[in-house]
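First comes the structure, then the notes that go with it.
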Amino acid sequence: MNRKQFLRGNKTEYRPPWAIDEDRFTELCNRCSDCFSACKENIIEKGRGGFPQINFQQGECLFCGDCVEQCQTGALQKSRYEADAAPWMLKVQVSDKCLNFTGVVCRSCGDRCAERAIRFRPQIGGKQKLQLDYEMCTGCGACIAPCPVQAVKLIPVSESWLSEQESLLEVCA
Ligand code: SF4
Ligand code: SF4
Ligand code: SF4
C-alpha cells in the first residue's frame, strides 16, 4: 500500500479499507459516493477533491466490507489483498499530548479497544504507563474519538517497520 495516500503535510487522511494504491485509486474512483452510503458506521465522507476518506471521529471501521461490495470501479478491491490480510496497514500511535504524561489518569482509548491493544500498567504514586500492542492492533480506529485531547491517531506502517518494533511499546514515561 502506498503510504503517500495517507500523509499530506501534517494531516493524516485515510482511504476506505481495501483501497488500491493512491495513484491508481484517484484514476479509478469516479467519486460516485456509493461507498459512503454503504457504510453503516457512517465513517466514509467526502474528502479532498470529492474522493472518499475515513473520519474516525465518527466511529470505527467494522471491516464488514460493505463499502467494497458497492464499489464498481475497482478503486476498492479485496482481490488485491491476501485472504487473511488486514485491509490496511494502520497502527495506533499515541502522542505526548496523552493526559497520562501530565500525571492525569485517563483510560478512555483503552476502554474502547476490544482487542486490548492499549493497556495500562500501574506505577507507584498512582500514575500509569500506557502500552501499545502492535500485534493486536487491527487499525479499527475505535480508540481515536474517545480521546479528550486528540492524542490518538493511526499511522500507516510497513511490514519491515513493524518487524523492527517491540511488540509491546511503552508510551508514557
Ligand atoms: S468496512 Fe464496513 S465499517 Fe468499514 S468503512 Fe467499509 S462499510 Fe464502513
Ligand atoms: S464506491 Fe468506489 S468509485 Fe465510488 S466513491 Fe467509493 S471508492 Fe470511489
Ligand atoms: S485502532 Fe482499534 S485495535 Fe488498534 S488500539 Fe485502537 S481500538 Fe485497539
Side-chain angles (χ1 to χ4, degrees), residues 1-2 5-6 12-81 85-95 98 100 106-120 129-157 162 165-172:
M1 190 177 297
N2 187 344
Q5 73 175 296
F6 298 110
T12 307
E13 296 175 356
Y14 313 94
R15 292 287 180 229
W18 295 283
I20 61 174
D21 285 354
E22 180 67 2
D23 290 347
R24 286 289 288 153
F25 182 88
T26 50
E27 276 176 29
L28 291 184
C29 175
N30 62 9
R31 294 168 268 188
C32 66
S33 302
D34 288 351
C35 55
F36 299 45
S37 40
C39 181
K40 290 187 278 292
E41 290 291 296
N42 287 319
I43 60 172
I44 306 180
E45 62 184 27
K46 208 175 275 289
R48 185 192 299 261
F51 293 105
Q53 68 178 41
I54 299 282
N55 182 353
F56 287 114
Q57 292 298 335
Q58 298 296 322
E60 67 189 281
C61 180
L62 305 175
F63 305 122
C64 62
D66 289 352
C67 50
V68 190
E69 298 298 324
Q70 290 302 314
C71 182
Q72 303 300 312
T73 66
L76 309 179
Q77 270 188 55
K78 277 190 176 175
S79 58
R80 290 287 184 97
Y81 292 75
W88 50 32
M89 284 291 283
L90 295 176
K91 296 289 177 182
V92 65
Q93 188 180 61
V94 178
S95 79
C98 170
N100 290 288
C106 175
R107 294 170 178 247
S108 297
C109 55
D111 286 347
R112 288 295 302 277
C113 181
E115 306 296 332
R116 294 203 68 247
I118 303 177
R119 300 196 287 272
F120 299 93
K129 278 190 175 173
L130 190 151
Q131 299 174 319
L132 302 180
D133 187 333
Y134 288 125
E135 281 184 22
M136 299 303 293
C137 177
T138 63
C140 70
C143 50
I144 293 178
C147 177
V149 292
Q150 288 80 51
V152 186
K153 68 176 184 176
L154 294 179
I155 56 166
V157 301
L162 264 183
Q165 305 307 306
E166 299 285 337
S167 62
L168 205 58
L169 177 71
E170 293 203 331
V171 173
C172 295

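Note that ligands are numbered from 1 as they come in the structure, with each ligand's atoms numbered from 1 the same way.
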Quiz item: Going by heavy atoms, is Leu154 under 4.0 Å from ligand 3?
Solution: yes
Any idea which protein heavy atom is nearest [atom], and the distance to it?
| atom | result |
| --- | --- |
| atom 8 (Fe) of ligand 1 | Cys39 SG, 2.4 Å |
| atom 7 (S) of ligand 2 | Leu76 CG, 3.7 Å |
| atom 4 (Fe) of ligand 1 | Cys61 SG, 2.4 Å |
| atom 1 (S) of ligand 1 | Gly65 N, 3.2 Å |
| atom 3 (S) of ligand 1 | Leu62 N, 3.3 Å |
| atom 2 (Fe) of ligand 2 | Cys71 SG, 2.4 Å |
| atom 6 (Fe) of ligand 1 | Cys67 SG, 2.3 Å |

Atoms in ligand 3 flagged as close to [X], the criterion being non-hydrogen separation under 4.0 Å:
| X | answer |
| --- | --- |
| Val92 | 5 (S) |
| Gly139 | 1 (S), 4 (Fe) |
| Glu115 | 3 (S) |
| Cys113 | 3 (S), 5 (S), 7 (S), 8 (Fe) |
| Thr138 | 3 (S), 4 (Fe) |
| Cys143 | 1 (S), 5 (S), 6 (Fe), 7 (S) |

Exercise. Please find out if atom 4 (Fe) of ligand 2 and some N, O or S atom of Cys35 are separated by less than 2.8 Å.
Key: no
Looking at [X] and [Y], what are the two nearest heavy atoms and their distance?
| X | Y | result |
| --- | --- | --- |
| Tyr134 | Leu162 | CB-CD2, 3.9 Å |
| Glu45 | Phe36 | C-CE2, 3.2 Å |
| Cys98 | Leu130 | SG-CD1, 4.1 Å |
| Gln93 | Leu132 | CA-CD1, 4.4 Å |

Practice problem: May I ask you to identify, for Val68, whether its side chain, its backbone, both or neither come under 4.0 Å of ligand 1 on a heavy-atom basis? | Solution: neither
Quiz prompt | Ser33 and ligand 2 - part of the residue with a heavy-atom distance under 4.0 Å | solution = backbone
Practice problem: Between Asn30 and ligand 2, find which residue part has any heavy-atom pair under 4.0 Å and reply side chain, backbone, both or neither. | Solution: both
Quiz item: Going by the atom numbers of ligand 1, which of them fall below 4.0 Å from some non-hydrogen atom of Phe63?
Solution: 1 (S), 4 (Fe)
Exercise. Could you grab the distance from atom CD of Gln70 to atom OG of Ser33, nearest 0.5 Å is fine?
Key: 12.0 Å
Quiz item: Hey, what do you get for CD1 (Ile44) to OH (Tyr14), rounding to the nearest 0.5 Å?
Solution: 15.0 Å
Practice problem: Could you pull out, from Ile118, Leu90, Leu132, the option with a heavy atom nearest to atom 5 (S) of ligand 3? | Solution: Ile118
Quiz item: Any idea which atoms of ligand 2 are less than 4.0 Å away from a heavy-atom of Cys29?
Solution: 3 (S), 5 (S), 7 (S), 8 (Fe)
Self-check item: Within reach of ligand 3, part of Ala117 (heavy-atom separation under 4.0 Å)
Solution: side chain
